[in-house]
Protein chains: 2
Amino acid sequence: MSEKVSSRKQQVRAEDVARHAGVSRVSVSRTFTPGASVSDATRAKVLKSAEILGYRVNRLASSLNRSESGIVALVAAEIDTPHRAAMIAELSERLQAAGKVTMLINTSGYEERVKDALLQAISFRTEAAIILSGAPDPSLADTCFSNGMKLVLINREEDFPGSLQIGPDNRAAGKTALKALLRAGCKRIALANSANATWSIVERQKGFLAAAEEAGVDVLCEVDGFTSYQAGLELGTALLDREDRPDGIFCTTDLIACGVIDAARQRFGLRTPDDLSVIGFDNIQQAEWEGYDLTTFAQPTDQIIDKCLEWCTTEQPSSETVKLPAKFVWRNSVQKARVPMK
Amino acid sequence: MSEKVSSRKQQVRAEDVARHAGVSRVSVSRTFTPGASVSDATRAKVLKSAEILGYRVNRLASSLNRSESGIVALVAAEIDTPHRAAMIAELSERLQAAGKVTMLINTSGYEERVKDALLQAISFRTEAAIILSGAPDPSLADTCFSNGMKLVLINREEDFPGSLQIGPDNRAAGKTALKALLRAGCKRIALANSANATWSIVERQKGFLAAAEEAGVDVLCEVDGFTSYQAGLELGTALLDREDRPDGIFCTTDLIACGVIDAARQRFGLRTPDDLSVIGFDNIQQAEWEGYDLTTFAQPTDQIIDKCLEWCTTEQPSSETVKLPAKFVWRNSVQKARVPMK
DNA sequence: TATGCAGATGCAAACGTGTACAATAATCAG
DNA sequence: CTGATTATTGTACACGTTTGCATCTGCATA
């Protein structure tokens with residue numbers, strides 16, 4: 001039937017344009033290839049015919065004999081989380097500006113899905129895969145490399161040869177958080193973290209606890225639930241319900257911090273910063289909201305992305321681990337300093 | 001130099017696998033093509049060799065002579081906005097489950113970028129483009145169709161032949177919002193909306209105002225800023241600062257509603273629902289947070305996506321406009337009914 | 001006029017895969 | 001054992017590009 005033919009032939013090819021413009025097929029290709037040699041007259045004819053016929057270069061086909069596909073894979077879980085969403089928004093924006101195309105691969109759920117994601121990326125001959133959550137099997141990474149793909153791990157610092165590992169200096173931030181709480185005069189200091197936390201989130205906890213040990217102060221640790229607002233509510237409730245109620249809490253995530261603040265306000269009638277000092281991490285949009293006004297750490301998103309793009313566009317990039325300082329953002333969820341700096 | 005060769009030849013091809021397994025190249029192709037005829041012995045050999053060599057079918061190449069690329073474009077602006085992010089998370093998840101691959105195109109900024117986005121989608125022979133914000137030029141849409149691409153417009157109901165237009169029934173929701181405020185006994189009713197609102201958001205406003213006129217009540221209209229929390233803060237401040245301070249506000253967006261509630265609480269010491277009733281729209285995650293506990297409308301996300309996928313996988317789908325009811329979500333930002341239902 | 005040169009164009013061969021068709025091997029009924 | 005049927009494999013071409021090489025044109029230089 002004719003339907004079969006139409007569903008087969010419906011694409012406009014370079015040859016159609018060539019025939020319409022009365023030039024050879026290669027001239028069409030050259031017209032759309034920057035730096036190729038075509039006369040102005042030919043180019044004009046081609047462009048006009050292409051416009052009329054609605055022709056667009058088939059990048060699937062052109063990727064075949066060019067070495068670059070122009071596609072970059074973004075692998076991430078829980079992409080509706082504020083910080084993750086902001087990261088993806090920025091990354092896709094910048095990739096686009098750099099002439100790349102982003103393929104989004106959602107890996108929420110099983111950890112196994114990172115593997116499937118990378119296999120998919122390989123299938124589409126992605127130039128690079130930027131992994132925002134989780135980490136691949138080393139052998140799988142090798143398969144990526146052997147197919148000419150670059151690998152970026154954000155927020156992972158494990159030893160992973162051949163890739164770029166980049167993220168904030170989580171330990172240093174944890175340390176800074178403790179100092180800030182001490183300087184605010186907090187006497188009973190606590191930490192609220194999720195039991196299902198990412199590697200990088202656990203690093204923040206470690207940095208915080210290490211600094212506490214160094215300073216010789218006890219820290220009340222409450223670890224439970226997921227990295228979510230709801231977990232924050234519960235963690236906050238558990239902490240504030242104690243007899244030795246803490247007066248300073250470091251939350252490993254802004255979402256948790258928001259939950260803790262709401263628990264304090266709605267369930268205990270406590271206010272930040274007067275009754276309770278709270279510090280978060282990520283600087284999500286809600287941290288700026290008037291109801292929270294959260295003192296927190298801003299992820300060095302811009303610098304991370306800068307480095308990402310630069311590394312990915314390098315010809316033969318070498319393995320690299322980059323730790324960038326997270327900027328401490330002073331707002332109003334922590335008591336003004338009572339203890340003077342020495 | 002050898003580097004040039006390696007950067008050229010580094011991809012593992014079906015032919016390499018064939019040679020390694022001692023079979024013909026087509027047998028490799030058939031092994032990875034569901035339903036093709038290969039003997040178990042051959043398939044086993046091929047799979048083993050493929051595993052060893054790290055071979056993956058090049059989908060760019062296979063898309064050339066199959067008619068389907070498996071790629072679906074997601075076109076959206078401001079993808080770090082809570083509702084948008086949730087939508088993208090769900091969509092990418094479901095597309096993946098349906099065996100599709102999602103290409104994310106960020107169109108924040110100029111309206112013109114929707115055009116570039118679609119041109120890019122055509123270049124990659126995307127099977128469909130799902131547009132979450134903005135609308136394309138009709139002539140451009142035709143180019144899409146002539147290249148065999150399907151078009152879905154979410155949250156647009158303009159007449160757009162050849163595409164699926166789907167979204168919540170915004171007018172009906174506006175109407176429901178007004179009734180709810182009246183039933184709560186509100187005397188001075190207001191509407192808070194952004195001056196840069198989307199088409200669908202304006203529909204909510206129209207529905208609300210139409211219902212008000214029908215009921216013979218005056219509505220205080222405050223329209224300014226962007227569709228953001230900050231705009232909500234300012235709109236709320238402006239409204240609550242008036243002599244005839246409103247006691248019921250419909251916000252066309254949850255983000256605006258959160259801003260209004262915070263303005264009430266932080267700047268005027270007013271609480272919902274006692275001093276003020278507030279209704280939002282979108283049912284973003286923050287609406288559920290204890291500090292807001294916002295009564296709002298849930299977008300029929302699941303049904304929208306169901307319909308999307310079904311329509312996109314239909315062979316020759318016909319133009320269709322679908323309006324789905326938005327579910328009213330009762331929480332605690334609106335006074336309990338003082339006026340009995342009649 | 002002959003020589004060289006640069007720009008424009010065409011031919012043919014890739015890129016890596018899927019599939020119609022023909023050819024071969026295996027199976028089975030008689 | 002023969003012919004018919006089926007399962008498997010191989011050959012050749014198609015998909016829509018880009019690109020190396022060769023050709024051709026026009027033009028300035030010696």
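Both backbone and side-chain heavy atoms feed into the values below; hydrogens, waters and symmetry mates do not. Since the model is a prediction, treat every value here as computed from it, not as a measurement. Residue numbers start from 1 in every chain, and the chains themselves are labelled A, B, ... in the order their sequence lines are given, proteins ahead of strands.
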To the nearest angstrom, how far is B:R13 atom CZ from C:dC15 atom P?
-> 6 Å

Salt bridge between A:K100 and A:E127, side-chain N to carboxylate O under 4.0 Å?
-> yes

Take atom CZ of A:F124 and atom P of C:dT17, then tell me their distance rounded to the nearest Å.
-> 13 Å

Going by atom types alone, do B:S39 and B:T42 pair a side-chain donor with an acceptor below 3.5 Å?
-> yes

Contact check, side chains of A:K150 and A:P317, non-hydrogen atoms, under 4.5 Å = yes

If each end axis of the helix from C:dT1-D:dA30 to C:dG30-D:dC1 is fitted on five C1' pair positions, the angle between them, to 10 degrees, is 40°

Considering only heavy atoms, which members of residues 39-62 of chain A lie under 4.0 Å from some atom of DNA chain C?
-> A:S39, A:T42

Any Lys/Arg nitrogen of A:K307 or A:E320 sitting under 4.0 Å from an Asp/Glu carboxylate oxygen of the other?
-> yes

Expressed in angstrom and rounded to an integer, what is the separation of B:I122 atom CD1 from D:dG16 atom P?
-> 16 Å

Expressed in angstrom and rounded to an integer, what is the separation of B:E15 atom CD from D:dT11 atom C1'?
-> 14 Å

Ignoring hydrogens and geometry, is there a side-chain-to-backbone donor-acceptor pair from B:T143 to B:S139 under 3.5 Å?
-> yes

Are any side-chain N or O atoms of A:S133 and backbone N or O atoms of A:A77, one a donor and one an acceptor, separated by less than 3.5 Å?
-> yes

Nucleotide C:dT17, atom C1' - distance to CG of B:L64 in whole Å | 8 Å

Pair A:R113 + B:E93: basic N to acidic O under 4.0 Å | yes

Does a nitrogen or oxygen in the side chain of B:S24 sit under 4.0 Å from OP1 or OP2 of D:dG10?
-> yes

Nearest non-hydrogen partners of B:H20 and B:S49, listed with the distance | ND1-OG, 2.9 Å

What is the minimum heavy-atom distance between A:A21 and A:K45, and which atoms define it?
-> O-CD, 3.8 Å

Gap separating the CG atom of B:D302 from the CD atom of B:E90, nearest 0.5 angstrom = 5.5 Å

Using a cut-off of strictly less than 4.0 Å between a heavy atom of the residue and any atom of DNA chain C, enumerate the qualifying residues of residues 25-33 of chain B by number.
-> B:R25, B:V26, B:S29, B:R30, B:T33

Between the side-chain atoms of B:N65 and the base atoms of C:dT19, is any donor-acceptor pair under 3.5 Å?
-> no

Whole angstrom value for the distance that separates P of D:dT18 from CZ of A:R66 = 7 Å

When rounded to the nearest 0.5 angstrom, what is the spacing between CD1 in B:I105 and CZ in B:F124?
-> 9.0 Å

Between CZ of B:R125 and P of C:dG18 the distance, given in whole Å, is 19 Å

